[in-house]
Amino acid sequence: MSDGQQKKTFVITRFDPDRDDAPRKQAYEIPVHPDWKVLDALNFIKDEIDATLSHRWSCRMAVCGSCGMMVDGEPRLTCKEALSQYGDTVDVAPLANFPVVRDLVIEADGFMEKLTHVKPWIIRAKELAVEEGPMRQSPAELEEFKQFSMCINCMLCYSACPVVANEPEFIGPAAIALGHRYSLDSRDEGAADRNEIFRGEGTVFSCSFANECSEVCPKHVDPAAAVNQAKLNAVIDWATSLVLPRGGDK
Amino acid sequence: MIEVTRHDIVIVGGGAAGLRAAIAACEIDPGASIALVSKVYPMRSHTVSAEGGAAAVAREDDNFEMHGYDTVKGSDFLGDQDVIQYFVEQAPRELTLLEHWGCPWSRNEDGTVATRAFGGMSTKRTWYATDKVGFHMLHALFQHSLRFDNIVRYDEHFATKLLVDGGVVRGVAALDVRTGVVRVVLGRAVIMATGGAGKIFPFTTNGNIKTGDGMALAYRAGVALKDMEFIQYHPTGLPGTGILITEATRGEGGYVINSEGERFLATRDYGVGTKAELGPRDMISRAIIQEIEAGRGISGPYGEYVYLDLRHLGEAKIVARLPMVREISKIYIGVDPVYEPIPIRPVVHYMMGGIDTDITAATSLPGLYAAGEVASASLNGSNRLGSNSLTECLVFGASAGRNAMAFAEGSSEGSEDALRREGEEEAARIVALRGKQKGGEKLSRIRSDLHKTMESGCGVYRTQEAMNETARTVAQLRGRYADIALEDSSTVFNTELIAALEMGNMLDVAEAVANSAASRNESRGAHTRRDVPNRDDQNFLYHTLCYFDPAGPRLGKKDVTLGHWEPEERKY
Ligand SMILES: Cc1cc2nc3c(=O)[nH]c(=O)nc-3n(C[C@H](O)[C@H](O)[C@H](O)COP(=O)(O)OP(=O)(O)OC[C@H]3O[C@@H](n4cnc5c(N)ncnc54)[C@H](O)[C@@H]3O)c2cc1C
Ligand code: SF4
Ligand code: FES
């Protein structure tokens with residue numbers, strides 16, 4: 001912190017179920033450093049001004065997925081966004097479309113259940129023995145799913161999604177992208193299983209093509225593309241299954 | 001007040017080591033109940049930030065003997081040689097399993113797994129998934145673990161104490177961060193997999209959660225912390241934030257240059273020989289400090305630094321092999337490495353020391369196992385080679401899982417009454433700390449004073465006087481810690497309470513680091529003394545043990561297992 005210090009006011013949504021009936025806003029005016037990310041300001045407030053502020057963070061390098069919040073109304077990774085792009089007053093709120101646990105901390109268990117539901121693991125009719133060594137996979141085969149494997153589970157896409165807003169059970173962009181990622185993996189044989197899951201209620205067919213998820217994704221996963229592809233595969237697989245007892249695998 | 005649950009085994013930690021242990025336990029007995037306690041959701045664990053790769057023999061021109069020799073030499077001959085041999089033999093198997101579980105390893109044209117060069121490794125044996133290796137390994141492990149419904153997760157539960165009855169570990173007390181309830185999570189064996197403790201230093205590559213909790217819990221339960229004086233400084237951290245720029249940059253051909261544009265690792269004698277930028281971390285970190293001290297650094301707002309230059313690699317290679325380095329450099333220091341060199345300086349990265357474990361991941365306390373960065377299996381000795389530790393998490397995580405299950409098989413549950421009482425006492429301690437108003441000390445001030453003293457006494461270069469001073473200061477900080485005042489009395493997601501509990505743990509770890517360091521009167525690996533510059537095998541070829549004692553730490557010694565490789569001067 002040096003001379004000629006700039007100041008900004010952070011208007012933060014506070015809520016402690018132990019004592020508040022409803023969320024409230026609290027403003028903090030603090031000196032800011034030109035290199036800071038939004039997260040640095042929150043940590044400064046927590047350390048120096050108000051130790052009761054609760055927020056999640058760990059890696060501070062945009063990879064652990066903990067620090068998603070609404071910054072001036074948009075879902076953002078707070079450790080990634082430079083403060084300098086914001087005005088004199090910055091509004092920070094918990095991620096939209098999730099129940100709030102406290103202050104800036106949202107309930108993430110629902111997401112964890114959705115993730116498990118799509119079977120995000122390699123499914124094979126017969127498991128390989130370790131003695132068989134690594135499977136071969138060409139660089140091109142790797143490229144097929146690589147992008148969808150970049151999801152850090154930050155859940156920003158759920159906050160941006162208009163369908164999640166209306167239909168909280170919607171399994172949502174990231175879970176679909178991760179299920180689809182395994183179906184695209186040359187080592188996996190579980191596409192038919194997942195297609196069946198994707199034909200269920202509240203999954204791919206709930207999507208309204210808003211594309212908001214891909215726009216906010218900090219890792220360029222493009223979950224909207226995954227949803228569209230998964231939708232198509234689920235339909236093709238279903239059509240084929242009318243002809244063949246169990247087809248549609250890649 | 002407390003809630004009691006019972007499982008077959010309890011694992012604390014959901015990073016690479018903890019998840020691998022959980023999966024190994026499921027493989028042994030798919031019907032067993034495995035508790036996985038983690039203070040953050042497993043995929044947030046700091047394994048996620050590992051960038052460069054994981055080592056295991058894979059190529060025709062490589063073998064176990066070579067991987068073993070590189071590791072023992074890297075350790076400055078303080079690694080246990082039986083452990084090293086076991087590790088190198090298990091390594092390919094473990095990375096293959098990760099492949100079967102979906103880890104997107106980068107590939108050669110023929111579809112085989114690609115390997116890259118890494119510091120101190122004599123051939124290309126580091127498996128990678130671009131430069132997001134920890135991220136991909138962690139998510140592959142976590143997603144694979146989701147298929148086992150006998151893994152019962154306690155997400156966002158902060159373990160505060162090991163519960164011991166009749167001399168055997170029978171579970172942990174853990175604070176449910178969301179509700180404030182203290183749970184007594186019982187099992188017939190416990191595995192610690194809580195990771196490292198970089199946060200005892202101000203400038204570190206480690207995330208906020210790396211506070212050495214598991215080390216402190218074991219220390220308090222009477223288990224020795226081993227070789228705590230050996231702190232690895234990574235040569236290439238970003239000034240200011242400490243965010244890591246992976247060693248894979250040098251594995252791919254990057255240069256380290258000083259203010260005069262000179263590749264000093266190649267042109268001057270820093271002991272790395274022709275390895276130059278691919279020398280081991282301890283040596284390169286010292287070389288950078290010496291360059292800066294000689295006036296060949298560049299000064300900036302966050303201290304002096306040198307450069308890591310990747311420009312000659314070209315954009316295509318940087319995009320294909322090092323996309324995260326480019327992303328991080330752009331976001332966190334405003335430099336695009338395709339066009340500009342990256343400012344870097346040595347940064348606290350990894351703890352070679354930890355809970356004293358043997359080749360089976362067992363500790364001296366029956367029923368307690370440990371694996372990953374929290375443990376010191378003596379694979380790394382006084383200096384770890386980059387890319388050995390992700391593999392270590394898998395090899396010893398798996399072995400901890402198997403051996404804990406075997407122990408649990410033959411162990412009893414202990415007295416539930418006694419364990420419940422222990423849990424209630426622990427709950428009372430936590431309730432008393434929550435929002436504790438009486439006191440004159442501020443948490444953030446204790447943290448910054450701890451940081452200052454650790455950096456001045458236990459940095460890259462050390463002296464007896466400075467280490468003694470740090471040990472004294474840490475003891476005083478303990479007194480001040482007892483007098484902290486807290487503001488937040490809420491039961492719900494009270495992160496101030498968590499930070500206070502973590503501070504207590506960090507003080508335990510710092511005490512062990514400073515006192516172990518002050519007792520080693522030689523220079524070896526990452527422990528480098530200005531006042532005693534040489535290694536002394538005659539008097540110091542042993543592991544340092546540090547035991548908790550309310551009156552101040554007690555130190556002991558443990559033999560190094562030799563037998564295969566003769567200790568020799570470490571020159572490259
Ligand atoms: C930036 C960076 C890059 C790295 N790159 C490489 C590399 O390329 N190659 C390599 O081999 N190594 C690398 N390392 C080192 C390696 O990543 C770590 O040593 C390793 O990932 C540690 O894994 P772990 O499972 O032991 O611990 P972690 O991944 O740190 O996990 C610890 C777990 O314990 C839990 N936990 C901690 N305390 C508590 C508590 N009190 N109660 C409940 N749960 C708790 C946490 O929630 C977490 O789940 C790197 C390290 C860093 C920091
Ligand atoms: S798809 Fe993108 S926005 Fe959604 S959780 Fe994954 S990384 Fe975050
Ligand atoms: S703190 Fe890890 S993503 Fe922001």
Side-chain angles (χ1 to χ4, degrees), chain A residues 2 16-19 35 37 46-48 50-66 80 82 101-103 105 107-109 112 115-116 119-122 124 127-128 130-139 141-142 145-146 149-153 178 182 185 187-188, chain B residues 40-41 43-46 48-49 58 92-93 95-97 99-102 104-113 132 134-136 139 143-147 153 155 178 207-210 240-241 243-244 301 324 327-328 331-332 443-444 447 486-496 499:
Chain A
S2 55
D16 176 0
D18 266 3
R19 48 182 68 81
D35 293 346
K37 306 296 182 203
K46 170 115 188 135
D47 285 345
E48 304 301 330
D50 186 348
T52 67
L53 177 65
S54 289
H55 61 289
R56 290 189 181 105
W57 70 284
S58 176
C59 73
R60 54 79 177 94
M61 56 190 278
V63 69
C64 77
S66 307
K80 189 180 174 201
V101 174
R102 177 175 176 189
D103 294 345
V105 176
E107 168 69 68
D109 283 349
M112 301 297 277
L115 180 61
T116 312
K119 302 192 176 174
W121 51 77
I122 297 277
R124 291 181 66 88
E127 303 262 339
L128 281 175
V130 64
E131 291 72 26
E132 294 176 67
M135 288 177 259
R136 297 242 172 165
Q137 182 166 65
S138 70
E141 285 169 333
L142 174 61
F145 70 89
K146 190 71 202 272
S149 75
M150 303 302 252
C151 171
I152 61 171
N153 299 356
L178 282 162
Y182 281 93
D185 191 321
R187 300 168 291 186
D188 176 81
Chain B
V40 294
Y41 283 94
M43 72 280 186
R44 316 288 187 217
S45 304
H46 206 58
V48 80
S49 69
R93 185 190 160 83
L95 296 192
T96 299
L97 283 172
E99 199 279 344
H100 291 179
W101 300 340
W105 297 116
S106 293
R107 302 284 174 158
N108 298 312
E109 277 311 313
D110 66 357
T112 53
V113 171
K132 305 189 180 193
F135 162 74
H136 284 302
H139 282 254
Q143 288 164 9
H144 183 73
S145 81
L146 293 175
R147 71 196 296 162
R153 288 207 322 271
D155 292 335
R178 257 173 291 177
N208 187 43
I209 54 180
K210 297 197 69 169
T241 59
I243 291 174
L244 178 77
M324 175 132 141
E327 181 189 333
I328 286 173
I331 299 174
Y332 295 101
L443 203 52
S444 54
R447 188 189 304 137
L486 300 176
E487 294 168 30
D488 190 351
S489 56
S490 174
T491 55
V492 182
F493 223 94
N494 187 329
T495 49
E496 185 196 39

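Within a 6.0 Å radius of CZ in B:R178, more than 12 heavy atoms belonging to other residues, nucleotides or ligands are found.
Looking at B:S489 and A:R19, their side chains do bring a donor and an acceptor atom within 3.5 Å of each other.
The part of B:F135 that comes within reach of chain A is its side chain, from C-beta onward, which places non-hydrogen atoms under 4.5 angstrom from that chain. At a 4.5 Å heavy-atom cutoff, A:D103 makes no contact with chain B through either its backbone or its side chain. For A:L128, the parts lying near chain B are the backbone and the side chain together; criterion is any non-hydrogen pair under 4.5 Å. Only the side chain of B:K132 comes within less than 4.5 Å of a heavy atom in chain A; its backbone stays farther off. Proximity to chain B (any heavy atom under 4.5 Å) is restricted, for A:L53, to the backbone atoms N, CA, C and O. Contact of A:V63 with chain B is made through backbone and side chain together, with heavy-atom distances under 4.5 Å.
In this structure, B:N494 has no side chain to side chain donor-acceptor pair (under 3.5 Å) partners at least two apart in sequence or on a different chain. Listed by chain and residue number, nothing satisfies the ring-ring contact (aromatic ring centres under 6.0 Å, His included) test with A:W121 (two or more places apart in sequence, or in another chain).
Taking 4.5 Å as the limit, some side-chain heavy atom of A:L178 sits within range of a side-chain heavy atom of B:Q143. B:E496 places a side-chain heavy atom less than 4.5 Å from the side chain of A:K46. Under the 4.5 Å side-chain criterion, counting only non-hydrogen atoms from C-beta, A:S138 is not in contact with B:R107. Side-chain contact between B:H136 and A:K146 is present, with at least one heavy-atom pair separated by less than 4.5 Å. Residues B:H100 and A:E127 are not in side-chain contact: their nearest non-hydrogen atoms beyond the backbone lie 4.5 Å or more apart. Contact check for B:Y41 versus A:D109: side-chain heavy atoms found under the 4.5 Å cut-off.
Ranked by heavy-atom pairs under 4.5 Å with chain B, the list A:R124, A:H55, A:E48, A:E141 is led by A:E48. In terms of heavy-atom pairs under 4.5 angstrom with chain B, the leader among A:K80, A:M112, A:E107 is A:M112. Looking only at heavy-atom pairs under 4.5 Å with chain A, the residue among B:S444, B:G102, B:S106, B:S145 that has the most is B:G102. Heavy-atom pairs under 4.5 Å with chain A were tallied for B:V492, B:I209, B:V48; the largest tally goes to B:V492. The candidate from A:R56, A:E131, A:K119 with the greatest count of non-hydrogen atom pairs under 4.5 Å with chain B is A:R56. Each of A:G65, A:A62, A:P17, A:A82 has some count of heavy-atom pairs under 4.5 Å with chain B, and the biggest count is that of A:G65. Options A:P120, A:A108, A:G133, A:S54 differ in how many heavy-atom pairs under 4.5 Å they form with chain B, and the most are formed by A:P120.
Here CG of A:D16 is found 7.0 Å from OG1 of B:T491. Values are rounded to the nearest 0.5 Å. In this structure, SG in A:C59 is found 8.0 Å from CD1 in B:I243, a value given to the nearest 0.5 Å. Between the CG atom of A:D35 and the OG1 atom of B:T241 there is a distance of 9.5 Å, given to the nearest 0.5 Å. The CH2 atom of A:W57 sits 11.0 Å away from the OG1 atom of B:T495 when rounded to the nearest 0.5 Å. In this structure, B:H46 NE2 and A:M61 CE are separated by 6.5 Å, a value rounded to the nearest 0.5 Å. Atoms OG1 and CD, from A:T52 and B:E487 in turn, are 6.5 Å apart once rounded to the nearest 0.5 Å.
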Discussion item. Before you tell me yes or no, could you show the steps for B:N208 and A:S58 under side-chain hydrogen bond (donor to acceptor under 3.5 Å, both in side chains), namely the whole-Å CA-CA distance, both residues' side-chain angles and the distance that decides it to 0.1 Å?
Written reply: CA-CA 5 Å; B:N208 187 43; A:S58 176; over 6 Å; no
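The two atoms that bring A:V130 and B:R93 nearest to each other are CG1-NH1, 3.3 Å, heavy atoms only. Nearest approach of A:S66 to B:R44, heavy atoms of both residues: OG-CD, 3.4 Å.
Both tests hold for A:K37 against B:Y332: distance to the six-membered ring centre under 6.0 Å, angle to the ring axis within 45°.
Checking each of B:L95, B:L97, B:T96, B:T112 against A:P134 for a side chain to side chain contact (heavy atoms under 4.5 Å, CB included) leaves exactly one that passes, namely B:T96.
B:E109 has no carboxylate O lying under 4.0 Å from a charged side-chain N of A:R136, or vice versa, which leaves the two without a salt bridge.
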